2 protein chains.
Amino acid sequence: MSWVAEARGLYAIVDPSLSGRFHPIELAEAILSGGCAVLQLRDKRKNDRATLELARELAARARRRGVPFVLNDRADIARLAGADGLHLGQDDLPLEDARLVFDGPIGRSTHDTAQVERAVREGHALLGFGPVFPTRSKENPDPVQGVEGLAAAVARAGVPIVAIGGITLENAPAVVAAGARLCAVIGALASAEDPEAAARELHALVTCAAASS
Amino acid sequence: MSWVAEARGLYAIVDPSLSGRFHPIELAEAILSGGCAVLQLRDKRKNDRATLELARELAARARRRGVPFVLNDRADIARLAGADGLHLGQDDLPLEDARLVFDGPIGRSTHDTAQVERAVREGHALLGFGPVFPTRSKENPDPVQGVEGLAAAVARAGVPIVAIGGITLENAPAVVAAGARLCAVIGALASAEDPEAAARELHALVTCAAASS
């Protein structure tokens, strides 16, 4: 059984262009110290050497903590870095093609119920869904789906949903109540005064809320 | 023996964002009808589904003509499209990593003799070198190397060189005389009145010059 079935809590995303005043490795290490269910690298820098190097470093640090490491977008780099998962956007490779390159659970970002249904038909192991709330971590974000949209996506998906977009300590309980097992956070960690403490609080809150819902 | 050792003539590059008034498939078909030694897809659109689809189509059309098909940048998509070669830029994957994903000749773009020497040490099968002349097909191009720079690169390389950057019917003989077996052309094909005729002329000229040099 893959790590997907059991993952509950904070789905921490590190993005080198959104890591605030921290080096991405430093930020990832703080998050891993605080605690998270999954660590994902989202790297849009268009420098594959740098992405592979960073992915290998984060994969090694996540492995030491027993946390699955997921890479965004790139099947080849996920394979080369020994990632535990691959997360694809709407314009990335079709699942059946990505599977020929990367052997492991493959997620897909979805932004409305039609995309959820298509990703489920394709056979994805888990889905990102959002933005649940307004976000500043993405340029040209898709329309906000709200907690209602998230609940509808969960009802249709039948596979674990990673909620994303504007999630904070304040609204995370409502996100979990809507059925998300995992809450993805980028900005609220990178911009935190103390990312380790922020990760600890968010992971504990989501894990606890998920256990009781 | 791979196709690299025997390739002489026009190294035609189709770029969907630089295909002028033509659909990239239409442009590629015209070039293949005219004649070329290699057909490369350079796709910077950041839509992997679209790139894979186009790469598969161009690979099939090139194969029908017995022309090797090369994809830019992406080891995973080159593998999935059944490409005959992969061409990497300076910021793309290291050769030893790319080889773990793609099985076939792998080239590297180089822009000065230090980059040539590094690529040769890495073990690349062929090298792009340029810009030989000023070019409008690349944003922020590297410094122009001239025919003298090209000749120096050829002397150092020991593997086939694909000359690139501002190559036309007029200057191609000098490029071949400097030791390039293959002349890469993007803009002079996409902007030609008749790309099939332009490919025929360029391929014949470079092949003939290469045979007599």
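We use all heavy atoms of the structure for the numbers below, so side chains are in, but hydrogens, waters and symmetry mates are not. Everything numeric here is computed off the predicted structure, so don't read it as measured data. Naming: A, B, ... by sequence-line order, numbering from 1 per chain.
Heavy atoms of B/Leu88 lying under 4.5 Å from chain A are absent altogether. For A/Leu52, the part sitting under 4.5 Å from any heavy atom of chain B is the side chain, from C-beta outward, and nothing else.
Other residues, nucleotides and ligands place more than 12 heavy atoms under 6.0 Å from the CZ atom of B/Arg65. For CD of A/Glu53, the number of neighbouring non-hydrogen atoms (other residues, nucleotides, ligands) closer than 6.0 Å is 12 at most.
Annotation: residues 9-26 of chain B contacts chain A through no residue [non-hydrogen atoms, separation under 4.5 Å]. Within residues 33-51 of chain B, the residues having any heavy atom less than 4.5 Å from a heavy atom of chain A are, in residue-number order, B/Lys46, B/Asn47, B/Asp48, B/Arg49.
Annotation: maximal heavy-atom pairing with chain A below 4.5 Å, among B/Asp73, B/Leu80, B/Asp91, occurs at B/Asp91.
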Using residues 95-103 of chain B as the side-chain source, report each donor-acceptor pair under 3.5 Å to any protein atom, sequence neighbours left out, with the distance given to one decimal.
from, atom 1, to, atom 2, distance (Å)
B/Asp97, OD1, A/Arg56, NH1, 3.4
B/Asp97, OD1, A/Arg56, NH2, 2.6
B/Arg99, NH2, B/Gly123, O, 3.1

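Partners of B/Glu196 by side chain to side chain donor-acceptor pair (under 3.5 Å), not counting sequence neighbours, listed by chain and number: B/Arg200.
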